[in-house]
Amino acid sequence: MSETVKFPFYIKLAAILLCLIGLFTITYLGRDIIFPILLSLLFAIILRPVVTFLIKRLRFPHFIAVVFAIVLFVMLFLGVFYFISLQVSDMANDWSKIKNNFYYHIEHFQQLIRDNFHLSKREQNEIITNATKDTLVSGQQIVGSTLNSFTDIVLNLTLIPIYTFLFLLYQNLFITFLIKLYKPIHHKKLREILYEIKIAVQSYVVGLLFEMVAVSVLTTIGLYLIGIEYFILLGIITGILNLVPYIGILFAGALSIVVSLSGSTDLSIVVGVIVVNIIVQLIDNNILVPLFVNSKVQINALVSIVGIIVGNVLGGITGMFLAIPIIAIIKVIFDRIESLEPWGYLMGDDLPKTFEWHKIKIPLYNYNTSTTTINFSSDTPEEIVPENEENDTIENKSD
């Protein structure tokens, strides 16, 4: 007869902390190996419906279907890269104009500093020269790290399609391996978890792609209306950077301002760029994200932001992109395991709910009433009880 050993809380806490420290340490030290594999696994989950369609509908052999899906994926990526390179080449043709406009803004900025801080241009140039001397010391290290980063990018671009191909080719092998790890009594729950993970990741990524296209189109139209010269390139870059939640759009806005200043001598155009970014973000956050993304993965904003920061520390841009899908997978697992269900609920998002005020529904950000609706038009205040607690109260009264 098996016996369950119960440990004190402080021992459980110490074991959890040691496991977390070990997990983060291994992930950080092995990020060059782990993150390309995780990214390939994500792409494999996305491409799995394509492979299934080719096998069931078009009667492709499994190997041919996987090869065809990978080739289609690579061609799509290369097509986007080629289109962006054409836009960049058009910008390079106007390099002399961009350089002259840049010098014009530098001259204007120095004049502004001289009028407000009483620093002559000669003094400003001396400050810039001294600062440049300090940066030249580490110039060789920066160049070396840049070359290493470029080498890593080229290596990952080669390995990721190969990893993705192998994940798709051996998908049944990995599923059978997971099944063999557990007793038959747990197989049903394991299959349910795998199915929910597949649906969550696929739905999230598809929603993210729809959001990327919509943001790109809206930004392109907005920048075109205010007269930005490279509006197509900036619109596409904004949509791509928006794949990184909360942070990517900040870099996209800063890049749009810099490019707009380089392409024009009119400083008022910066106001137009800022207004376009604000309007696009309002549409994105209030319409696109709830429609395409939040409806697929219910994760609260606090967990998302912390996860993105941790992903950035562990794996840079790749870690930031993978943060939300990984959190979604963890939440699915937590929700299906009874002992971890509270943690899954903590990661979830049942907000905003609404309260009714003069027949107008307004978002209510209140933890205690997140599963109910308040009606302020009622004359008699009632205690708000969550649905599960209300059922418990009824049962207790009946007893």
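Because only heavy atoms are used, hydrogens play no part in the values below, and waters and symmetry mates are left out as well, while side chains stay in. Remember, it's a predicted structure, so these values are computed and weren't measured experimentally.
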**Student:** Tell me whether Asn242 contacts the main-chain N or O of Met212 through its side chain, where contact means a donor paired with an acceptor under 3.5 Å.
**Tutor:**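 Not confirmed, Asn242 side chain does not pair with Met212 backbone.
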
**Student:** Would you compute the distance between atom CD1 of Ile45 and atom CG of Leu41 and round it to the nearest 0.5 angstrom?
**Tutor:**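 These two atoms lie 4.5 Å from each other.
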
**Student:** Please round to the nearest 0.5 Å and tell me the distance separating atom CD1 of Ile283 and atom CD1 of Ile278.
**Tutor:** 12.5 Å

**Student:** Got a second to check how far His186's NE2 is from Ile193's CD1, nearest 0.5 Å?
**Tutor:**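 Separation between the atoms: 10.5 Å.
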
**Student:** Strictly distance-based, threshold 3.5 Å: is any side-chain N or O of Asn312 a donor or acceptor partner for the main-chain N or O of Met320?
**Tutor:** no

**Student:** Any donor-acceptor pair under 3.5 Å linking the side chain of Asp284 with the backbone of Val280?
**Tutor:**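 It does not hold such a pair.
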
**Student:** Any chance you could measure Ile226, atom CD1, to Ile274, atom CD1, to the nearest 0.5 Å?
**Tutor:** 10.0 Å

**Student:** Take the angle between the ring planes of Phe63 and Phe165 and call it parallel below 30°, perpendicular above 60°, tilted in between.
**Tutor:**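 It falls in the perpendicular class, over 60°.
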
**Student:** I need the minimum non-hydrogen distance between Pro325 and Leu42, along with the two atoms involved.
**Tutor:**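 The answer is CB-CD1, 4.1 Å.
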
**Student:** Has Leu282 got more than 12 heavy atoms of other residues, nucleotides or ligands less than 6.0 Å from its CG?
**Tutor:** yes

**Student:** Taking atom CZ of Phe77 as the centre, report whether more than 12 heavy atoms of other residues, nucleotides or ligands fall under 6.0 Å from it.
**Tutor:** no

**Student:** Which donor-acceptor pairs under 3.5 Å do side chains of residues 47-62 form with protein atoms, sequence neighbours excluded?
**Tutor:**
from  : atom 1 : to     : atom 2 : distance (Å)
Arg48 : NE     : Gln171 : OE1    : 2.9
Thr52 : OG1    : Arg48  : O      : 2.9
His62 : NE2    : Leu168 : O      : 3.3
His62 : NE2    : Leu169 : O      : 3.4

**Student:** Does CZ in Phe68 sit with more than 12 non-hydrogen atoms of other residues, nucleotides or ligands closer than 6.0 Å?
**Tutor:**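 Check fails, neighbour count at 12 or below.
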
**Student:** Give a yes/no verdict on a cation-pi contact between Arg31 and Tyr28, requiring under 6.0 Å between NZ or CZ and the six-membered ring centre and an angle within 45° of the axis.
**Tutor:**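 Yes, Arg31 lies over the aromatic ring of Tyr28.
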
**Student:** Once rounded to the nearest 0.5 Å, what's the spacing between atom OG of Ser216 and atom CG of Leu241?
**Tutor:** 9.5 Å

**Student:** Rounded to the nearest 0.5 Å, what separation is found between the CG atom of Leu223 and the CG atom of Asn277?
**Tutor:** 7.0 Å

